[in-house]
Amino acid sequence: MPELPEVEGVVRQIRPVSIGKRIVSVDVSDTIRKSKKAGKEAILKRIEADDFQERLAGAQILGVERRSKYIYMTMKNEQEFLLVNHLGMSGAWFFVDSLLSIPEDKFRRHVHIVLTLDDGNLLAFSDIRRFGEMRVLETEADFPPLLLMAPEPFADGALEWFLQQAESPRFRNKPIKEVIMDGTVISGCGNIYATEALFRMKIHPKRAASRISCKRKIELFQAIAAILLESIEAGGSTISDYRNINGESGSMQDRFGMYGKKTCTVCGTETKTVKIASRASVYCPSCQK
DNA sequence: GGTAGCCGCCGGGCGC
DNA sequence: TGCGCCCGGCGGCTA
């Protein structure tokens, strides 16, 4: 599951190999075309396959940025526009000279979008579960949820924003895990890093936001930011379907204290799993209060 | 108008 | 071996 650190890794790799390049052709898989024809919004959101191809073909890639878990590619054809991509559960980009060079069969089998660059290389988007998203926008404002995202966790004002949101009527009575996983509260903190941060802070995932002191909330925010940075440096976490653009895994999962654990890595107690906002949440009933 | 809750997008993994 | 169920990030729709 790609979260902020994994997306950051992908962006850092795509940037040097794509900026300044021109897209000479665009391919959309038959699978996606069939889904679109059946009226589904598979990967391509609010745009038909032919229009997507037409829009991107010939465009030059001007910039590649990350915002929360989204990848923003600034492109220019007649005029500038944005290609906004979310990796969903299993999305992955590969930078290869041929689709056959994609290292693993399970990714090779699910390549849905291929951008052929003017240096002959390919930027291929593979997505096993097809929960990923591609949107062509004139500006960010064309997709309002992007404007509602919390500041980047490392940006000035992100802590103040978090405290204000967490104490608002909308969130104060909600389980803290649900609060920190909400993209309008903190950007880019998904299930994995929320689980790890709460474990490090010894906070029970179901504890209501209002029942955590301001001081502890500040420390929790700092723990989340620290874990995200630590994971960026470790090349992200590889839980099943994350790969970087060379098909490599990250190593952050080796440092997990709680996510995916049967027993607590601190005290050895058997971990428990509860559902919070319809997502499995694992915690240590002894350490986390 | 704000929000809670459900649906849809899917293949893989797992239990039986 | 094979079937069927469940999982999940997130937008969008309904009530």
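Here is how names work: the chains are called A, B, and so on, in the same order as the sequence lines, proteins then strands, and each is numbered from 1. All of these numbers come straight from a predicted model, not from anything done at the bench.
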If the cut-off is 4.0 Å, is H110(A) near the phosphate of dG12(B), judged by side-chain N/O to OP1 or OP2?
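So the side-chain polar atoms of H110(A) do come within 4.0 Å of the phosphate oxygens OP1 or OP2 of dG12(B), strictly under.
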
Step through the shown structure and confirm whether more than 12 heavy atoms of other residues, nucleotides or ligands are within 6.0 Å of CG on D105(A).
yes

What are the two closest non-hydrogen atoms of [X] and [Y], and how far apart are they?
| X | Y | value |
| --- | --- | --- |
| Q165(A) | T184(A) | CG-O, 3.9 Å |
| M252(A) | S237(A) | CB-OG, 3.2 Å |
| A141(A) | L147(A) | CA-CD1, 3.8 Å |

Pick base, sugar-phosphate or nothing for K275(A), based on heavy-atom distances below 4.0 Å to the nucleic acid.
sugar-phosphate

Less than 4.0 Å between a side-chain N and a carboxylate O, is that true for D127(A) and R130(A)?
no

NZ/NE/NH1/NH2 to OD/OE distance under 4.0 Å, E133(A) and R135(A):
yes

How bent is the helix from dT3(B)-dA15(C) to dC16(B)-dG2(C), comparing axes over its five end pairs at each side, to the nearest 10°?
50°

Grab the N/O contacts between the protein and nucleotides 1-9 of chain B below 3.5 Å, and write none if there aren't any.
unit_1	atom_1	unit_2	atom_2	d
dA4(B)	OP2	K174(A)	NZ	3.2

Stepwise side chain to side chain contact (heavy atoms under 4.5 Å, CB included) test for L198(A) and L220(A)
CA-CA 7 Å; L198(A) 290 170; L220(A) 173 60; 4.0 Å; yes

Checking K261(A) side chain against V282(A) main chain: does a donor-acceptor pair fall under 3.5 Å?
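The answer is no, because no donor-acceptor pair under 3.5 Å joins these two groups.
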
Is a side-chain donor or acceptor of Q60(A) paired with a backbone partner of N77(A) at a separation under 3.5 angstrom?
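Answer holds: no.
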
In whole Å, what is the span from the CD1 atom of I128(A) to the C1' atom of dG13(B)?
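So the two atoms are 12 Å apart, to the nearest Å.
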
Can you tell me how far C1' of dC7(C) sits from OH of Y259(A), to the nearest Å?
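Y259(A) atom OH is separated from dC7(C) atom C1' by 10 Å.
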
Result for side chain to side chain contact (heavy atoms under 4.5 Å, CB included) between F95(A) and one of I102(A), L117(A), V10(A), L122(A) points to L117(A)

When every nucleotide of nucleotides 10-15 of chain C is labelled 5' to 3' by its protein contacts under 4.0 Å (heavy atoms), B for base, S for sugar-phosphate only, - for none, what sequence of letters results?
SSSS--

